[in-house]
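Heads up: the structure comes next, in structure tokens.
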Amino acid sequence: MTHSSPQQELRDAARHTDRRRFLTVTGAAAALAFSVGLPAAGTASAGELSGHRIGENPFTLGVASGDPLHNSVLLWTRLAPRPFEPDSGLPHARVEVHWEVAHDERFTRIVRRGTTYAHPEFHHSVHVEVRGLAPDRVFHYRFRTGRWTSPTGRTRTAPPPGAHKRELALAAVSCQAYHDGYFTAYRHLAQEDVDVVFHLGDYLYEYAVNATGGARAYTDRTLPALFNRETTTLEDYRLRYALYKSDPDLRAAHAAHPFVVTWDDHETENNYAGDTPENSVPPEEFLIRRAAAYRAYWENQPLRAPQRPTGPDMRLYRRLNFGRLAQFDVLDTRQYRSDQAYGDGWRTPGPESEDPRRTLTGATQERWLLDGWRRSHATWNIVPQQVTFAQRRDVPTDAFKLSMDSWDGYPASRDRVIEGAERAGVDNLMVLTGDVHVSYGFDLKRDFDDPDSRTVGTEIVTTSITSGKNGSEKPSNYNNLTRANPHLKFYNGRRGYAVITLQERQARADFRTVSAVTTPGAPITTAGSYVTEAGDPGLKPA
């Protein structure tokens, strides 16, 4: 008797699932149960495995913390004695895990401790929401199971509501293709004195990784063949996170700082738009792939319970406040967007891209953003998100083209956001962006077609950690882009990250870059530094 593969069964089910029903919560939950194999009785149905029976170190993927509140942090780890195996070297059984939070690295002054379970249905990942912590404080944390103790992580809480915090330092990172090079920038970021790290998307890539790790060109190891294929199933995505989190530099950055994460496209599939895939597969089938990708994303990131997905749906946009100094409105510009105009890519703008009905955020998220601004009392209103917000003409002539995947492909959506910020009285708007594998510093204009129009904010675009390999200080389109866009104040094509320091009267952006990623150990330098004054938007050299 011939048995079909689980993936083929999913495809067959998708073809027989009414699309309208699939997009309802009930249909999505049913699809998730089918595609992920959740037991009907819930996560408590699995048997229990004593941690003392785990014979190999289960904390191979490190620890992480995220989404800091003034009295709470989220702690994460995943048990994986053999991370490159589909079951991670553990049976289908839940494992008791102990956690501790302390004031000091030696854990002599413990402030909170508790016990939770690593469930097999969540690939033995652990998400602990630790409450009752003092605001604006550094804490250290660790996990234990059996005789094994995890590495120690360092995290911190946000300032209390209404607090007048004098300074907040944050880092922005994005785009870390494992096969394009070493995560050297993360090793340097782990040593930076920042309060929080914002990851702006493309935490992993769905593309195949060969036995030598692509551009890493390993000579001391051979990666398993299971990585040498595109990720499409839940098992694929889970294994790919294991590969990425096996990197010691990425683990070091997570252990050093709390992360606030949002995705872009490659966590699922390149340039997908809502329920429209890049390739010509039925939307119902793509949504099953999306359910698997979203599930693995939540399992492997320091995200709270409200972000846990239901089928192919996951509420990732959320708001964080750091006293009265900064409000962060974290966006998801991938899950709810209209399909890219003119078939995607760089195109001449026209009626299709300029249709006022088009949206990058979806109507619900757009209202949430604008309503949040109206209630904001923060000095700086910052929008961590994925794709370039400012206009980017490719050439300084009337024959210019724009990227249909960025906000340029959704100008009506961008106009509504800018108008909403104006109506809300947002004086100090800053957009944080990833995606494009270069560093940009933009002034945001009320009318990008008029260089003399009012500047309404700034955009800091962080370069990639590795994507695009080594890059260059001045990419080949440097002259065209800087001449075509007078609101572009900084452009650099090396790899690295951005550090933004917020104060009451100004914000400073330092663009930090490494000289190479195809070989490990490159030093870090500051490629450019710019400031924007509170109440006087626009970037000036520091």
Side-chain angles (χ1 to χ4, degrees), residues 60-62 83-84 171-190 199-232 236-254 263-271 278 293 300 386 434-440 461-478 491-498 511-525 527:
T60 57
L61 304 181
F84 292 176
V173 299
S174 75
C175 302
Q176 51 196 54
Y178 185 97
H179 57 276
D180 272 357
Y182 289 89
F183 295 163
T184 307
Y186 273 134
R187 176 61 59 177
H188 294 293
L189 178 56
H199 198 293
L200 305 173
D202 294 344
Y203 191 95
L204 60 68
Y205 281 69
E206 76 275 29
Y207 306 136
V209 180
N210 66 17
T212 57
R216 295 186 177 213
Y218 289 141
T219 58
D220 61 341
R221 74 197 78 173
T222 301
L223 296 179
L226 51 79
F227 295 123
N228 199 16
R229 61 175 182 250
E230 183 169 341
T231 55
T232 58
D236 290 337
Y237 287 110
R238 284 171 163 174
L239 284 164
R240 195 60 52 88
Y241 281 105
L243 175 63
Y244 276 59
K245 287 179 176 290
S246 71
D247 184 276
D249 294 339
L250 176 58
R251 294 201 308 273
H254 271 300
W263 55 38
D264 194 19
D265 51 341
H266 288 289
E267 287 90 349
T268 301
E269 181 190 57
N270 178 56
N271 279 22
E278 178 186 32
N300 286 280
Q386 295 76 14
D435 182 56
V436 287
H437 311 167
V438 296
S439 299
Y440 291 135
V461 181
T462 183
T463 186
S464 64
I465 293 292
T466 58
S467 301
K469 300 178 184 176
N470 292 331
S472 60
E473 185 176 346
K474 287 190 174 182
S476 60
N477 65 350
Y478 183 89
Y491 182 17
N492 183 283
R494 292 292 190 192
R495 308 293 158 241
Y497 52 89
F511 296 95
R512 309 276 274 159
T513 60
V514 293
S515 56
V517 296
T518 54
T519 54
I524 194 84
T525 59

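Computation of the quantities below employed the complete heavy-atom set of this structure, encompassing side-chain atoms and omitting hydrogens, waters and symmetry-equivalent molecules. Values in this document were obtained by computation on a predicted structure and should not be read as measured data. Sequential numbering from 1 along the given sequence is applied to the chain's residues.
R512 pairs by the salt bridge (charged side-chain N to carboxylate O under 4.0 Å, His left out) definition with E192, not counting sequence neighbours. Judged as a salt bridge (charged side-chain N to carboxylate O under 4.0 Å, His left out), and not counting sequence neighbours, the contacts of R216 are D247. Here H437 pairs with nothing under the ring-ring contact (aromatic ring centres under 6.0 Å, His included) rule; sequence neighbours left out. Residues forming a ring-ring contact (aromatic ring centres under 6.0 Å, His included) with Y178 (at least two apart in sequence, or on another chain): Y244.
Between the side chain of N210 and the main chain of T212, a donor-acceptor pair closer than 3.5 Å is present. Proximity of a side-chain donor or acceptor of R494 to a complementary backbone N or O of S439 within less than 3.5 Å is not detected. Not a single donor-acceptor pair under 3.5 Å links the side chain of S464 to the backbone N or O of R495. Side-chain atoms of N300 never come within 3.5 Å of backbone atoms of R238 as a donor-acceptor pair (strictly under, hydrogens ignored). Looking at D265, its side chain does come within 3.5 Å of a backbone N or O of N271 through a donor-acceptor pair.
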- Query: Under the side chain to side chain contact (heavy atoms under 4.5 Å, CB included) criterion, do L243 and L223 qualify, and how do the steps go?
  - Reply: CA-CA 9 Å; L243 175 63; L223 296 179; 4.1 Å; yes
- Show your working on side chain to side chain contact (heavy atoms under 4.5 Å, CB included) between V173 and L189 and close with a plain yes or no. CA-CA 10 Å; V173 299; L189 178 56; 3.7 Å; yes
- Message: Test ring pair (Phe, Tyr, Trp, His ring centres under 6.0 Å) on H188 and Y497; report intermediate values, then the result.
- Response: CA-CA 10 Å; H188 294 293; Y497 52 89; 7.8 Å; no
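Residues V461 and V436 are in side-chain contact: their nearest non-hydrogen atoms beyond the backbone lie under 4.5 Å apart. Residues P248 and F183 are not in side-chain contact: their nearest non-hydrogen atoms beyond the backbone lie 4.5 Å or more apart. Between P83 and S246 there is no side-chain heavy-atom pair separated by less than 4.5 Å.
A distance of 12.0 Å separates CG in D202 from CD1 in I465, rounded to the nearest 0.5 Å. Here OG1 of T231 is found 12.5 Å from CG of L226. Values are rounded to the nearest 0.5 Å. C175 contributes atom SG, which lies 5.5 Å from atom CG of D435 (distance to the nearest 0.5 angstrom). To the nearest 0.5 Å, the span separating CG on L204 from CD on Q176 amounts to 8.0 Å.
Note on residues 178-188: pairs passing salt bridge (Lys or Arg N to Asp or Glu O under 4.0 Å), not counting sequence neighbours, are R187-D249. Within the structure, side-chain hydrogen bond (donor to acceptor under 3.5 Å, both in side chains) pairs that include any residue of residues 219-229 comprise R229-D236 (at least two apart or interchain).
Within a 6.0 Å radius of CD in E230, other residues, nucleotides and ligands contribute more than 12 heavy atoms.
Not less than 6.0 angstrom separates the ring centroid of H254 from the ring centroid of Y186. The ring of F227 has its center closer than 6.0 angstrom to the ring center of F84.
Geometrically, K245 does not engage Y241 in a cation-pi contact, judged by NZ or CZ lying under 6.0 Å from the ring centre and within 45° of the ring axis.
The two residues E267 and Y203 have their closest heavy-atom pair at OE2-N, 2.8 Å. Closest of all the heavy-atom pairs between G493 and V438 is CA-CG1, 4.0 Å. Of all heavy-atom pairs spanning A172 and T462, the tightest one is O-OG1, 3.0 Å. Here the shortest heavy-atom pairing between A516 and A522 reads O-CB, 3.4 Å. Nearest heavy-atom pair, A293 versus T268, reported as atom, atom and distance to 0.1 Å: CB-OG1, 3.4 Å. When all heavy atoms are compared, the tightest approach of V209 to R240 is CG2-NH1, 4.2 Å.
Looking at N270 and E278, their side chains do bring a donor and an acceptor atom within 3.5 Å of each other. Between the side chains of Y205 and S467, at least one donor-acceptor pair of N or O atoms lies under 3.5 Å.
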